[in-house]
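Worksheet: one structure, shown below.
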Number of protein chains: 2
Amino acid sequence: MLIGELSKKTGLSKDTIRFYEKIGLIVASDRCAGTRLYKEYSSETIERLLMINQGKRLGFTLNEMKQLLDEWSGGTIPKQEQIKIIERKIEEITEKTQQLNTIETYLVNKLNKLNEEVIP
Amino acid sequence: MLIGELSKKTGLSKDTIRFYEKIGLIVASDRCAGTRLYKEYSSETIERLLMINQGKRLGFTLNEMKQLLDEWSGGTIPKQEQIKIIERKIEEITEKTQQLNTIETYLVNKLNKLNEEVIP
DNA sequence: GTAAACTATGGAGTATACTCCACAGTCAAA
DNA sequence: TTTGACTGTGGAGTATACTCCATAGTTTAC
């Protein structure tokens with residue numbers, strides 16, 4: 001698929017997608033178009049972009065997501081190392097979840113207090 | 001307390017703390033020091049900075065944290081609005097938690113597969 | 001066949017969040 | 001009393017993550 005379609009399917013701008021390709025976060029193959037080349041994206045790229053976006057909203061940087069997704073698709077890294085990296089990532093996520101729970105508890109308490117004050 | 005102490009207690013650099021003060025994320029009172037003024041920070045500022053940092057790692061921007069913490073310390077905003085803002089924040093956090101869980105599930109599955117491959 | 005809508009490239013510009021530096025005054029200990 | 005660690009201000013610089021623009025070739029619908 002071309003960049004316009006990918007953009008619509010992921011909700012990311014064409015510029016963002018081109019930027020991600022430039023920094024090697026996603027890949028594209030070339031497709032002839034007259035004297036020039038258009039970029040052809042696979043449907044897996046949709047999933048990849050959605051995961052990147054999700055990770056970003058959870059406070060991961062693009063570099064962290066790149067690393068994680070590269071482990072994901074395996075490749076050259078030894079399995080023992082992959083395991084370590086994924087274990088570390090799981091720890092990070094557990095930590096983040098706990099922090100979110102702490103904040104949620106704070107917020108729910110605050111909300112209850114406010115509700116009591118408004119409707120006594 | 002002065003900035004050095006606050007820096008040590010929060011793990012944030014002095015520059016970062018000064019930057020946060022500049023953009024109104026935290027406040028300080030003035031304390032005379034000869035012809036000049038030193039900044040005096042209250043112990044609540046520690047808590048505030050820790051929450052800001054926690055929020056940041058969870059993907060909230062400084063502006064979002066400012067808004068949230070401003071609601072938190074109440075003030076001029078009507079309670080009905082405070083309630084709405086906090087409810088929205090709780091929703092956001094629930095969403096983030098769900099996304100983290102999704103990613104964690106992916107990662108745990110991947111980890112199990114890898115472990116099976118390494119120790120068959 | 002031509003206008004509208006798409007594509008690529010290169011480079012400049014923006015927002016966020018710092019980080020570093022130079023310079024200068026302050027304070028506590030030796 | 002002086003040295004070293006602290007404090008402040010102003011401003012420049014950096015990293016990350018885009019966003020916009022000009023230019024120019026391509027495709028599609030009419």
Side-chain angles (χ1 to χ4, degrees), chain A residues 1-43 45-46 48-70 92 96, chain B residues 1-43 45-46 48-70 92 96:
Chain A
M1 101 199 65
L2 294 180
I3 198 166
E5 194 183 341
L6 185 59
S7 173
K8 268 176 205 147
K9 286 190 174 157
T10 57
L12 297 173
S13 76
K14 292 177 193 174
D15 275 326
T16 299
I17 293 169
R18 290 202 185 98
F19 173 69
Y20 284 177
E21 202 200 331
K22 200 165 130 193
I23 62 174
L25 209 50
I26 56 170
V27 287
S29 41
D30 290 332
R31 153 167 154 183
C32 286
T35 67
R36 311 178 56 190
L37 294 169
Y38 280 9
K39 301 285 181 177
E40 176 76 27
Y41 299 90
S42 71
S43 56
T45 307
I46 301 173
R48 198 173 163 100
L49 285 176
L50 291 177
M51 280 195 78
I52 288 164
N53 211 32
Q54 200 171 47
K56 255 193 52 195
R57 285 201 306 276
L58 295 167
F60 292 102
T61 65
L62 294 185
N63 271 338
E64 287 171 335
M65 288 310 292
K66 180 167 159 49
Q67 219 193 22
L68 181 59
L69 289 169
D70 285 351
E92 269 178 56
K96 274 180 198 285
Chain B
M1 112 197 56
L2 294 181
I3 199 168
E5 196 182 340
L6 185 58
S7 173
K8 268 175 205 151
K9 287 189 174 157
T10 58
L12 297 173
S13 76
K14 293 176 192 174
D15 274 326
T16 300
I17 292 170
R18 291 203 185 98
F19 173 69
Y20 284 177
E21 201 200 332
K22 200 165 130 192
I23 63 172
L25 208 50
I26 55 171
V27 287
S29 40
D30 289 332
R31 151 168 154 182
C32 286
T35 66
R36 312 178 54 190
L37 294 169
Y38 280 8
K39 302 286 182 176
E40 176 75 28
Y41 300 91
S42 72
S43 56
T45 308
I46 301 174
R48 197 172 163 101
L49 285 177
L50 291 176
M51 280 196 74
I52 288 165
N53 210 32
Q54 200 170 47
K56 254 193 52 194
R57 286 202 304 277
L58 295 166
F60 293 103
T61 66
L62 293 185
N63 271 338
E64 286 170 336
M65 287 311 292
K66 181 168 159 47
Q67 221 194 22
L68 180 60
L69 288 169
D70 285 350
E92 267 178 56
K96 273 179 199 284

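Because the structure is a prediction, the values reported are computed rather than measured. Just so we're on the same page: letters track the sequence lines, and every chain starts at 1.
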Practice task
Mind checking A:Ile23 for me? I need base, sugar-phosphate or nothing, with any heavy atom below 4.0 Å counting as a touch.
Solution key: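 Contact class for A:Ile23: none.
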Gap between atoms [atom1] and [atom2], on [X] and [N] respectively (whole Å):
X       : N      : atom1 : atom2 : answer
A:Phe19 : D:dC18 : CZ    : C1'   : 6 Å
A:Leu25 : D:dA17 : CG    : C1'   : 11 Å
B:Asp15 : D:dG8  : CG    : P     : 11 Å
A:Arg57 : D:dA17 : CZ    : P     : 15 Å
B:Met65 : C:dT16 : CE    : C1'   : 16 Å
A:Lys66 : D:dT16 : NZ    : P     : 14 Å
B:Leu2  : C:dG25 : CG    : P     : 19 Å
B:Ile3  : D:dC6  : CD1   : C1'   : 11 Å

Problem - Test item: A:Leu2 and A:Glu40 side chains (from C-beta on) under 4.5 Å apart, heavy atoms - result: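 Touching, per the 4.5 Å side-chain cut-off.
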Exercise for the section: Output, in order, the C-alpha distance, side-chain angles, deciding distance and verdict of side-chain contact (heavy atoms from CB on, under 4.5 Å) for A:Lys39 and A:Ile17. Expected result: CA-CA 11 Å; A:Lys39 301 285 181 177; A:Ile17 293 169; over 6 Å; no
Practice task
Measure from the side-chain N and O atoms of A:Thr10 to the backbone N and O of A:Leu6, and report whether any donor-acceptor pair falls under 3.5 Å.
Solution key: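 Yes; at least one donor-acceptor contact below 3.5 Å.
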Practice task
Please tell me which of B:Lys8 and B:Lys22 maps to the more 5' nucleotide of DNA chain D, matching each residue to the nucleotide holding its nearest heavy atom.
Solution key: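 The residue closer to the strand's 5' end, by nearest nucleotide, is B:Lys8.
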Problem - Minimum-distance nucleotide (side-chain atoms of A:Arg18 versus C:dC18, C:dT7, C:dC20) - result: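 Nearest to the side-chain atoms of A:Arg18, counting from C-beta on, is C:dT7.
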Problem - Closest nucleotide among C:dT19, D:dA17, D:dG8 to the B:Thr16 side chain - result: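 My answer, after comparing the listed nucleotides, is C:dT19.
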Handout entry: Interatomic spacing from OH in B:Tyr41 to OG in B:Ser29 - rounded to 0.5 Å
Key =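 Rounded to the nearest 0.5 Å, the OH-OG separation comes to 9.5 Å.
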Handout entry: Spatial distance of atom CE (B:Met65) from atom OH (B:Tyr20) [nearest 0.5 Å]
Key =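 Result: 9.5 Å between the selected atoms.
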Problem - Summary of protein contacts for nucleotides 22-28 of chain D, nucleotide by nucleotide, where a base hit scores B, a sugar-phosphate-only hit scores S (4.0 Å, heavy atoms) - result: --BBSS-
Handout entry: Nearest heavy atoms of A:Lys96 and A:Leu58, plus distance in Å
Key =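 Minimum heavy-atom separation between A:Lys96 and A:Leu58: NZ-O, 3.1 Å.
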Problem - Distance-minimising heavy-atom pair for A:Leu25 and A:Arg48 - result: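 Distance-wise, the nearest heavy atoms are O-NE, 2.8 Å.
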Problem - A:Lys14 vs D:dC20: side-chain N/O to OP1/OP2 distance below 4.0 Å - result: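 No, no such contact exists.
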Exercise for the section: Establish, with yes or no, whether the OP1 or OP2 oxygen of C:dA17 is under 4.0 angstrom from a side-chain nitrogen or oxygen of B:Tyr20. Expected result: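 No, no such contact exists.
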